[in-house]
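Keep in mind that the numbers below use all heavy atoms, side chains included, and drop hydrogens, waters and symmetry copies.
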Amino acid sequence: MVRRSDVKNHPMRRFLMMGLIFLMTAGALVYVPETADAIDYEFSVDSEEVRIKVLTDGRAVIRYILHFTNYGTGFDVVDIGMPNHKFDLDSAHATVTVKRSHSRILHQDTDPKIKRSWYVYPGVEVHVNAGDEPIIILDFSITCDWMVWESPNNKDLASVQFRPTWFGSSYQIGPTRKLAISINLPVPMSDANSVIPDERGWDTISSNDYGVLLNWTFYDKSPEDIESGYTDVGCAFPKGYVDNYYRKNLWVSFQFFIHDVIGMVWMNKEVSCICGGLISVSIFVGLLLAFSMRRSKDYFRPSISPPGAPPRTGLTAPEAALVLELPLDRVVEMIVFGMLRKGAITTWKDDEKLRITKKWRDVLTEKYELDLYDAVDDDGRIDRWKLESTLEDMIKETERKMRGFSLRKTKDHYRNIVKMAWKEIENCSSLEEMDLAIERNGDWLPLDKEYRKKMGDHVHVWFMGVDVRDRTMPGSGNPGSFARSFSDGMISMSGRLVDSTGSLTRSVVSTLHPSSSGGHHSGGSFGGGGGCACACACACACAGGGR
């Protein structure tokens with residue numbers, strides 16, 4: 001996905017899933033749907049071909065052609081993950097071909113049983129009934145709605161994103177040897193230049209009677225690779241070629257959430273008999289979680305980069321923190337600490353909150369530093385509105401710097417810098433080496449999500465029993481003084497500069513992206529995590545754990 005601004009990995013959904021798993025586990029004591037555990041599922045996926053035909057009404061016809069080699073004794077059901085809950089089960093059709101050898105067809109079923117899956121949500125299960133026969137070919141197609149979305153990066157474009165289904169690693173032997181994906185767009189080949197790829201680009205582009213045909217081919221991809229988004233594909237194209245598309249907003253996200261709750265409980269009547277009385281409680285708890293735990297952190301939205309774009313190097317550490325979408329309070333801490341190191345400010349504590357005293361504005365070089373310096377009032381507090389304006393301008397400038405560069409490669413670049421910085425610190429054998437290592441790398445260490453823990457593991461341990469009296473910033477020459485002052489300064493600053501981090505982020509998001517404030521569901525960037533339903537400009541099929 002170009003941006004995974006969806007509900008797939010939303011914390012609320014994870015908590016709800018845990019509750020539903022508990023309820024269904026209790027229900028399993030009363031009812032066991034099928035003796036799946038008694039069936040020996042063991043197979044390899046020789047090839048997986050996915051053909052997606054994008055329709056002008058916002059739907060898409062999704063066709064899977066799957067070739068399995070069966071090593072078990074009960075290959076009876078295949079679970080296929082769907083992009084979202086808006087699939088049309090009545091449109092589903094499958095042909096199952098069972099072979100004793102590659103040249104000998106044992107039997108063929110053109111009308112197998114298809115129903116909602118017990119094991120994959122949202123998904124369907126196809127009853128292939130192959131038993132212990134060695135070769136199974138499944139040709140399956142279905143129509144799914146909510147597949148064409150307004151691009152989050154350009155309101156003049158429509159977007160289609162897709163993640164192919166995968167199978168549980170406890171059932172599948174080895175990687176999927178060949179994975180071929182194609183997206184057929186209602187765009188004539190004469191206007192193929194208007195189709196914009198995601199960062200991955202496509203392998204080939206051609207056309208047929210319907211329009212442009214984009215093709216991707218992957219080899220030897222494990223279920224974990226597919227699940228993590230390594231084989232995600234997508235593109236954007238002018239809205240004029242479709243009659244209908246969808247926009248991400250709070251109402252759409254709410255619909256997906258409600259359908260997730262109802263679908264997970266009611267997708268089978270037997271489960272509804274057990275859990276039906278608790279649906280209202282589940283919805284109530286889910287709504288409470290939605291309003292109490294929702295994190296609108298999708299503040300950074302760079303433009304789509306061309307295929308083969310390089311990483312953006314040369315960013316400052318706070319700018320890199322924005323690209324990595326770290327919490328905004330962390331970004332503020334990094335800016336303030338940088339100003340502290342330059343001697344532009346000093347800090348003091350009042351009612352457990354850090355206050356700032358301004359000293360030397362001229363030593364600051366970055367615009368966001370100057371803006372934050374000016375945002376400090378006479379009482380040493382950071383003016384909330386000026387802080388929001390500073391962050392908004394900083395985000396816009398960083399997005400501008402990212403134009404033409406790969407977001408994924410840029411993130412990898414700065415994560416590697418952080419990794420190497422910590423490695424250098426871990427290898428220190430003296431306080432003097434620690435001082436030098438932190439002085440060189442201190443700006444980058446807070447980019448690590450677990451940097452506070454690592455500071456305790458790799459820095460604080462050096463000061464047990466060591467009396468380092470001078471803790472000014474920077475170090476005064478005493479062994480370990482710089483490292484100690486850095487460590488103490490960052491930890492004392494944590495959570496003491498900004499009140500209500502969540503409301504700060506929501507305010508910034510509502511200004512930068514007013515159409516999605518309050519409606520975003522976090523999930524990171526293209527290519528991570530599992531999950532199922534999407535409530536944004538994406539349509540990623542989820543499976544996993546399926547048979």
CH2 of Trp216 to CZ of Phe162, rounded to nearest 0.5 Å, is 11.0 Å
If only atom types and distance count, is the side chain of Glu369 paired as donor or acceptor with the main-chain N or O of Thr365 below 3.5 Å?
yes
Taking everything shown except Asp362 itself, do over 12 heavy atoms lie less than 6.0 Å from its CG?
no
Residue that, paired with Met339, satisfies side-chain contact (heavy atoms from CB on, under 4.5 Å) out of Val363, Thr346, Val376, Ile345:
Ile345
Donor-acceptor pair, side chain of Asp225 and main chain of Ser222, under 3.5 angstrom
yes
Can you name the nearest heavy-atom pair linking Asp198 to Val233, along with the distance?
OD2-C, 3.4 Å
Does the side chain to side chain contact (heavy atoms under 4.5 Å, CB included) test come out yes or no for Leu322 and Leu328, once each step is laid out?
CA-CA 8 Å; Leu322 293 181; Leu328 288 180; 4.0 Å; yes
Please walk me through it: do Thr316 and Tyr368 pass side chain to side chain contact (heavy atoms under 4.5 Å, CB included)?
CA-CA 11 Å; Thr316 64; Tyr368 56 78; 2.8 Å; yes
Would Met402 and Thr410 satisfy side chain to side chain contact (heavy atoms under 4.5 Å, CB included), going step by step from the backbone distance to the final call?
CA-CA 9 Å; Met402 282 295 298; Thr410 300; 3.5 Å; yes
Distance only, no hydrogens: is a donor on one side chain within 3.5 Å (strictly under) of an acceptor on the other, for Asp191 and Ser194?
yes
Trace of the side chain to side chain contact (heavy atoms under 4.5 Å, CB included) decision for Thr347 with Thr357:
CA-CA 6 Å; Thr347 60; Thr357 299; over 6 Å; no
For the residue pair Asn441 / Glu424, report whether a side-chain donor-acceptor contact shorter than 3.5 Å exists.
yes
Rounded distance [0.5 Å steps], CE in Met334 versus CG in Leu445:
9.0 Å
What I want to check is whether the side chains of Tyr414 and Thr313 have a donor and an acceptor closer together than 3.5 Å.
no
Calculate, to the nearest 0.5 Å, the distance between atoms CZ and CG belonging to Phe237 and Asn193 respectively.
16.0 Å
Going by atom types alone, do Ser389 and Glu392 pair a side-chain donor with an acceptor below 3.5 Å?
no
If we count only N and O atoms by modelled type, under 3.5 Å, do the side chains of Ser159 and Gln161 hold a donor and an acceptor together?
yes
Test your reading of the model: is there a side-chain donor-acceptor pair from Asn84 to the backbone of Lys86, 3.5 Å cut-off?
yes
Rounded to the nearest 0.5 Å, how far apart are OG1 of Thr231 and NZ of Lys221?
8.5 Å
Within the side chain of Arg200, is there an N or O that forms a donor-acceptor pair under 3.5 Å with the backbone of Tyr230?
yes
Spell out, as yes or no, whether a donor-acceptor pair under 3.5 Å connects the side chain of Arg163 to the backbone of Glu227.
yes
Donor-acceptor pair, distance only, cut-off 3.5 Å: does the side chain of Lys409 make one with the backbone of Arg312?
no
